[in-house]
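As structure tokens, the structure follows; a few thoughts come after it.
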Amino acid sequence: MSTEVIVAPLFQGSEISNSNRLRLAMAPAPRKAALACTATSQTDPSRTKLTTIETKRIISVLDDTIRKVELVTLFSAAAYNPHCLEGLLDEDTVQAIRDHEDFCSTLLELDNLVKEEEEEWAETRDEDLKFLLEEHKQSLELLKEDVKASARNTLRIFLLNLQAGEILRTQVQGRCEESNIFLQGLIEFRGFVFEKLLTSPMEEKEKTEFMDEMTLREKKNKEMIENLQSELSSTIKTRNAEMEKESFVIKELKSHLHQVLKFSENHLLRTKQEAEKQQKLELRASKVRVAKIQQDILMLKTQYHNIVEENRDSEQALRKKKYKLETEIENWIQKYDTEMGEKQAEYEELNEIYTEEKAQLAELKEKHAVLLQEFAQIKEERLINSKKKLEAEKEMSLMVRSATLIQAFWKGYLVRSLLKSKRRKKGKGKGKGKGKGKGKKK
């Protein structure tokens, strides 16, 4: 229960004492914010996704059920509005929907017939009617099974063809109110189950503890409300006593006001008589002033006639000047029109030239864009060729260097081998000379 609901009854009634009014004005704001934060943190689950396979399977089963109910509740609307699906579904699917609707309409008619026969049998107690009623009930049960089988078969068609199901869901409108209520209930149940699956046992325990704490707070708030209401009743009593005192004072003031009104009526009579006397004196003085004003009017009329004659001469002169200016303005307007016509023709010629050049510029821009693309391709090809050429040159230089190293190594090897063979020959020759010398000495 929110803090607003708990604290709202505290303000019922006409008045509250100053101490409690101050307490209510200052206390609820921080408590309200704290309780709101605590409520959201305690009631909302900490996880936002399902983690176990079992919970995911439960939610998937509910989602499949909601999807199937959405399709099944649209069969009747699709059967009564075939133009919505014209050209979108194949004939077999449309025929399956029509057959299912025929089963449903037959079931409704038979059900209404059974209800009427039950009412009639309750009134007449006829045995033949009872036997007929039993037969109709058996056929009703069989027809229910047929309707179930038809619904399963039709639904299986749309589940196998996902595109047809999407067409039915988007194109067909007119689901009945009961179906909408049932579908909304399933969606709310799915949300409730999803929230329950997200809530761990520890969170459920914390939630129950939080609700217990909230009930305790509610009890405390109710006690506070009762105290405040008792205080309010006492305040109302004191106020009623004060109102009785004030009503007594009002009666006394009314009597005093009545006396004041009588005194004011006498005073008004005296002032009225004095005003009539003053009016007669003012009337005499006004007649004298009117005669003087009439003389002033005659004098001002003569001045007016003189001024009118003077202004008439100046008006004629100004009219002549105005006519002259109007003729000059007309000449200027004609001149302006001729010049603007020439300028307009020149502008139209320049505009035609501009449009032609603009079209040429657009063509050139298109050609330039094509050339830019070709240039970019050529530049890219040149860059690739240059990279290949550099790599080939590097490879060639590496091969040349390797060949020179191999040749140098081979030449060195040949030189060393020749030097070794020469050294061997010289060594053999020196050995022979030493042997001859020893023989001569002997």
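Quick note: residue numbers are just sequence positions, from 1.
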>> Let me confirm one number: the OH-CG distance from Tyr304 to Leu300, rounded to the nearest 0.5 Å.
In response: 12.5 Å
> About how many Å separate CG of Leu350 and CD of Glu357, when rounded to the nearest 0.5 Å?
Replying inline: 9.5 Å
> So how far is it from Leu197 CG to Glu54 CD, rounded to the nearest 0.5 Å?
Replying inline: 10.5 Å
> Do Gln279 and Leu283 have side chains that get closer than 4.5 Å, going by heavy atoms?
Replying inline: no
> Is the number of heavy atoms from other residues, nucleotides or ligands within 6.0 Å of CD (Glu252) greater than 12?
Replying inline: yes
>> Can you tell whether the side chains of Asp111 and Lys115 come within less than 4.0 Å, N to carboxylate O?
In response: yes
>> Check this for me: does any side-chain nitrogen of one of Lys343 and Glu339 sit under 4.0 Å from a carboxylate oxygen of the other?
In response: no
>> Do Lys379 and Leu383 make a side-chain contact, defined as non-hydrogen atoms from C-beta onward lying under 4.5 Å apart?
In response: no
>> Determine whether Leu257 and Leu253 satisfy the following criterion, side chain to side chain contact (heavy atoms under 4.5 Å, CB included), listing intermediate values before the conclusion.
In response: CA-CA 6 Å; Leu257 181 63; Leu253 289 173; over 6 Å; no
>> Are Glu274 and Gln278 packed together at the side-chain level, in the sense that at least one heavy-atom pair is separated by less than 4.5 angstrom?
In response: no
> Distance under 6.0 Å and angle within 45° of the ring axis: does Arg190 meet both against Phe194?
Replying inline: yes
>> Any side-chain to backbone donor/acceptor pair from Ser150 onto Val147? Under 3.5 Å, distance only.
In response: no
> Between Asn227 and Glu231, is a side chain to side chain contact (heavy atoms under 4.5 Å, CB included) present by the stated rule, with each step listed?
Replying inline: CA-CA 6 Å; Asn227 295 328; Glu231 187 177 351; over 6 Å; no
>> Please evaluate residues Glu395 and Met399 with respect to the criterion side chain to side chain contact (heavy atoms under 4.5 Å, CB included), reporting the C-alpha separation (whole Å), side-chain torsions for both, the decisive distance (0.1 Å), and the verdict.
In response: CA-CA 6 Å; Glu395 188 177 357; Met399 290 172 66; 4.1 Å; yes
>> Can you give me the closest heavy-atom contact between Leu107 and Leu140, atom names plus distance?
In response: CD1-CD1, 3.3 Å
> Should we count CD of Glu393 as having more than 12 external heavy atoms under 6.0 Å?
Replying inline: yes
> Rounded to the nearest 0.5 Å, how far does OG1 of Thr215 lie from NZ of Lys222?
Replying inline: 10.0 Å
> Can Arg382 and Asn385 be counted as having a side-chain donor-acceptor contact under 3.5 angstrom?
Replying inline: no
> Considering residues, nucleotides and ligands other than Glu380, do more than 12 of their heavy atoms fall under 6.0 Å from its CD?
Replying inline: no
> Salt-bridged, Lys251 to Glu246, with N to O below 4.0 Å?
Replying inline: no
>> Is there a side chain to side chain contact (heavy atoms under 4.5 Å, CB included) between Asn180 and Gln184? Walk through the geometry before answering.
In response: CA-CA 6 Å; Asn180 286 325; Gln184 187 65 30; over 6 Å; no
>> Give me the atom names and distance for the closest heavy-atom approach of Glu117 to Leu132.
In response: OE2-CD2, 3.8 Å
> If you round to the nearest 0.5 Å, how far is NZ of Lys320 from CG of Leu325?
Replying inline: 14.5 Å
> Would Lys137 and Glu118 count as a salt bridge (charged side-chain N to carboxylate O under 4.0 Å, His left out) if you check the C-alpha gap in whole Å, the side-chain angles of each, and the deciding distance to 0.1 Å?
Replying inline: CA-CA 10 Å; Lys137 283 184 178 180; Glu118 285 179 348; 3.3 Å; yes
> Which residues pass the ring-ring contact (aromatic ring centres under 6.0 Å, His included) test with Trp410, sequence neighbours left out?
Replying inline: Tyr413
> Of all residues at least two apart in sequence or in a different chain, which pass the ring-ring contact (aromatic ring centres under 6.0 Å, His included) check with Tyr323?
Replying inline: none
>> To check you understand the geometry: which heavy-atom pair defines the closest contact between Arg156 and Asn153, and what is its length?
In response: NH1-OD1, 2.9 Å
> Taking atom NZ of Lys254 and atom CD of Gln259, what is their separation to the nearest 0.5 Å?
Replying inline: 15.0 Å
>> Closer than 3.5 angstrom, by distance alone: can the side chain of Asn351 be matched with the main-chain N or O of Tyr347 as a donor-acceptor pair?
In response: no
> Side chain of Thr65, backbone of Val61: donor and acceptor closer than 3.5 Å?
Replying inline: yes
